[in-house]
Amino acid sequence: MKFTKEDLELQNGLKKEWLITNGIGGFASSTILGANTRKYHGLLIAPLVPPARRFLILSKVDESIEIEGKKYNLYTNVGENYISQGFKYQKEFEKEYLPIFKYEVENVEITKTICMEYGKNTVGIQYKIKNSGKPIKLNLAPIVNFRDFHSMSTDHIFNVKKEITRLENEVEKGIEGKEDTKILRELILASEQFIVYRPSFRLHTIIAGYPWFLDWGRDSLISFEGLLLATNRFEIAKEVLLTMVRDIKYGLVPNGYSGFDNRPLYNSVDASLLLFEQVKKYIEYTKDYDFIKENIYEKLEKIIENYIKGIDLDNNNIHLEKDYLISSGTPTTQNTWMDAKYGEFAATPRNGKAVEVNSLWYNGLMIMTELSKKFGKSEEAKQYEKLAKKCKKSFQEKFYNAKRKCLYDVLGDNKIRPNQLFSLSLTYPIIEPNSEIAYNTMETVEKKLLNSYGLKTLAKGEPNYIEIYEGDGFKRDMSYHQGITWVWLLGLYYNSLKNMIEAEKRKTYKTKLETKLKEFKEKTLKTFEKEIEQRGCIGNIAEIYDSKRPQEPKGAIAQAWSVAEILRIVM
């Protein structure tokens, strides 16, 4: 992707970013003008304990060139009342694999290329100068730091004549800040950036997003098919599955690891249940039952066993109730994917019987029925299937909200949210995909939640609906799952449509669904082909989008499950 002079106007250029990574959690990132506008921008953000404990080592390098004794600054910095003018000499920015900056001053051309060494905390910058014979001198001023990349350095004095860069994006948030085949190719390139190696595990894992996320169990599993299976990275897929089961405790897959001491974190009811679906997907792609039998199956047995017995680790409060549905959480425990929490205040409390948790529970039981039969454990298979049937019966009796023609998000909570699509999108849908309930649910989702960039997390008109992600930390957390659009949810919609087509026997209905799927894929392709070339982080897809036009990209500038699900859809 190439940007020429007219694209490099100051305000436009400051909104476009780039990212490259090193395969162990480190990265380099900035704007296409080279001006740092986030505290997370820098040329070397290095994980000291890969992929965690990331520190900003090299903020940037400010270049100037002297031509026949006259000095021209090539860098762009934005200060409180000052903007350096380097962008005026920039004639081009290009990024295919690496970011390339091109400048021209007095017929002298300067090309700068930035790269990182894979598997090492090393950044390289190459300069090429095409001279017309004039005497020139290139000056380089590296801006060095050593801070946790979440923090800021504002109390140091450097013996370097240097304007202080203002981190405009952080100021807006209320944080202190000074400092087609084409799209398929771009998405595959982007997917590589999230696959990282954990030396302490000797296994690969998946970074949830850049610049601030580490590897999260939930995110890794939702991203698993798109990043690893659809791209034929089957050996890495094995390692990620082994990472997921490595530290299971009381049936819980870690939802992540502490960035400070590598301690497993277990604040998730759904990560363990998502594992079953991805095991099934792995088998569908590879037919490798032996790996699953030898390394994974017993772990899956323990998960089912513990969910039945009950789990209160980290206040998850997970238990199977008398109606054979899973209940979890407390009013202050956020253990579903809608997990925003400010201090002890839960922004989106979903404790109780959540629709996606019970859809995943049924799906897991059915997958265990299938695997147990395959591995010669017929008695276990019968028990899993018996539990699954009772769960399905209870779910179908209790979760349909006839008045609103959709499913309850949590029993007793009739707000319209996208989580109900889990009931239709998994290998074993708990709602019959050709039923009236399925059609009603999809129609409600399409009318109330679906848009070009994803699905809203809450329907407009519901209490506390917010459609723009902005403000300080508290305000952003309050809006995160209260109406903001999430890209990865398009994967649930896509799978639901496919399951409905497969189940539908009526020719007219089937044809309509096939047309709808075709149009959805074409629209998604068109939307994100433009998106990855023109907005946000070039060559990548953001975590979330505003739900109000122009639907600006927000949150993490590059998100694993966003890339993974769009990759799956366009493939």
Side-chain angles (χ1 to χ4, degrees), residues 180 183-184 222 225-226 229-230 276-278 280-281 283-285 287 355-356 358-360 362-363 365-367 369-370 385 388-389 391-393 395-397 399-402 404-408 416-456 459 487-529 564-571:
D180 60 20
I183 186 177
L184 190 57
I222 290 172
E225 182 182 0
L229 300 181
F276 292 87
E277 178 73 353
Q278 298 315 314
K280 173 65 175 172
K281 294 295 183 184
I283 291 171
E284 287 178 358
Y285 278 84
K287 313 302 180 190
V355 64
E356 80 277 18
N358 283 284
S359 299
L360 287 163
Y362 170 77
N363 185 64
L365 289 169
M366 291 302 296
I367 289 170
T369 301
E370 179 185 328
E385 189 169 25
K389 287 179 178 178
C391 172
K392 185 174 185 177
K393 181 177 183 295
F395 186 98
Q396 293 185 347
E397 289 173 352
F399 266 94
Y400 185 58
N401 183 343
R404 306 201 77 177
K405 293 188 175 182
C406 64
L407 303 184
Y408 289 105
I416 296 175
R417 294 191 184 274
N419 304 305
Q420 58 193 300
L421 287 185
F422 274 92
S423 69
L424 292 169
S425 62
L426 300 169
T427 298
Y428 291 97
I430 195 167
I431 294 294
E432 298 301 331
N434 59 350
S435 66
E436 183 181 358
I437 291 176
Y439 277 91
N440 287 343
T441 297
M442 283 292 279
E443 185 178 359
T444 298
V445 167
E446 288 165 350
K447 286 182 177 179
K448 300 286 188 178
L449 303 174
L450 181 65
N451 61 59
S452 298
Y453 292 94
L455 272 73
K456 296 180 182 181
V487 179
W488 76 268
L489 295 168
L490 289 175
L492 298 181
Y493 179 75
Y494 173 63
N495 285 353
S496 297
L497 276 179
K498 291 202 301 179
N499 282 343
M500 291 177 74
I501 290 169
E502 185 178 351
E504 187 55 76
K505 305 303 180 187
R506 296 166 292 184
K507 188 174 181 180
T508 304
Y509 283 75
K510 194 180 191 76
T511 300
K512 286 182 179 178
L513 287 169
E514 288 171 339
T515 300
K516 183 183 288 187
L517 179 62
K518 181 175 181 291
E519 291 173 350
F520 167 70
K521 291 184 69 171
E522 289 172 351
K523 185 177 182 180
T524 301
L525 174 64
K526 185 178 180 180
T527 297
F528 286 97
E529 189 170 44
E565 293 297 72
I566 298 305
L567 179 54
R568 260 197 334 112
I569 292 167
V570 302
M571 286 186 79

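Sequence positions, counted from 1, serve as the residue numbers for this chain.
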Step by step, would you call V445 with Q420 a side-chain contact (heavy atoms from CB on, under 4.5 Å)? CA-CA 9 Å; V445 167; Q420 58 193 300; 4.0 Å; yes

Begin from the C-alpha positions of Y439 and E504 and carry the test side chain to side chain donor-acceptor pair (under 3.5 Å) through to its verdict. CA-CA 11 Å; Y439 277 91; E504 187 55 76; 2.6 Å; yes

Take K518 and E522 through the salt bridge (charged side-chain N to carboxylate O under 4.0 Å, His left out) test and state the conclusion after the steps. CA-CA 6 Å; K518 181 175 181 291; E522 289 172 351; 2.7 Å; yes

Could you check L360 against F276 for side-chain contact (heavy atoms from CB on, under 4.5 Å), going step by step and ending with a plain yes or no? CA-CA 8 Å; L360 287 163; F276 292 87; over 6 Å; no

Working for side-chain contact (heavy atoms from CB on, under 4.5 Å), residues F399 and N358: CA-CA 10 Å; F399 266 94; N358 283 284; 4.2 Å; yes

Evaluate the side-chain contact (heavy atoms from CB on, under 4.5 Å) criterion for residues L421 and M442: first the C-alpha distance (whole Å), next the side-chain angles of each, then the deciding distance (0.1 Å), finally the verdict. CA-CA 8 Å; L421 287 185; M442 283 292 279; 3.6 Å; yes

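Across every non-hydrogen atom of A503 and N434, the tightest pair is O-ND2, 3.5 Å. In this structure, L490 and S452 approach most closely via the heavy-atom pair CD1-O, 4.2 Å. The minimum heavy-atom distance linking P429 with Y362 is given by the pair O-CE2, 3.7 Å. When all heavy atoms of I437 and Y400 are compared, the closest pair comes out as CG2-CD1, 3.6 Å. Between P418 and L489 the shortest heavy-atom distance is CG-CD1, 3.6 Å.
Between R568 and N495 there is a side-chain heavy-atom pair separated by less than 4.5 Å. Looking at heavy atoms from C-beta onward, V355 lies in side-chain contact with F395 at the 4.5 angstrom threshold. Looking at heavy atoms from C-beta onward, S359 lies out of side-chain contact with N419 at the 4.5 angstrom threshold. Inter-residue side-chain proximity for L365 and Y428 is flagged as unmet; no heavy-atom pair is nearer than 4.5 Å.
Rounded to the nearest 0.5 Å, atoms OG1 (T441) and CG (L424) are 6.0 Å apart. Atom CG of L513 and atom OG of S496 lie 11.0 Å apart (nearest 0.5 Å). Annotation: the span from L450 atom CG to Y493 atom OH amounts to 5.5 Å, rounded to 0.5 Å. Here NZ of K280 is found 9.5 Å from CG of N363. Values are rounded to the nearest 0.5 Å. Taking CZ of F528 as the start and CD1 of I183 as the end, the distance is 8.0 Å to the nearest 0.5 Å. We find the CE-OH distance between M500 and Y509 to be 10.5 Å, quoted to the nearest 0.5 Å.
No more than 12 heavy atoms of other residues, nucleotides or ligands shown are found within 6.0 angstrom of NZ on K405. Within a 6.0 Å radius of CD in E446, other residues, nucleotides and ligands contribute more than 12 heavy atoms. Annotation: K510, atom NZ; neighbour count of heavy atoms from other residues, nucleotides and ligands within 6.0 Å is above 12. Atom CD of E436 is surrounded by 12 or fewer heavy atoms from other residues, nucleotides or ligands within 6.0 Å.
For N401 (side chain) and C406 (main-chain N/O), no donor-acceptor pair under 3.5 Å exists by modelled atom type. Looking at Q396, its side chain does come within 3.5 Å of a backbone N or O of I430 through a donor-acceptor pair.
Applying the salt bridge (Lys or Arg N to Asp or Glu O under 4.0 Å) test to pairs two or more places apart or on separate chains, none has a residue in residues 488-499.
Remark: the Y494 side chain and the E565 side chain contain no N/O donor-acceptor pair separated by less than 3.5 Å.
Looking at residues two or more places apart in sequence or on another chain, you find no side-chain contact (heavy atoms from CB on, under 4.5 Å) involving K526. In this structure, the salt bridge (Lys or Arg N to Asp or Glu O under 4.0 Å) partners of K447, at least two apart in sequence or on a different chain, are E443.
Ion pair E432/K392 flagged as a salt bridge, since at least one NZ, NE, NH1 or NH2 atom sits closer than 4.0 Å to an Asp/Glu carboxylate oxygen.
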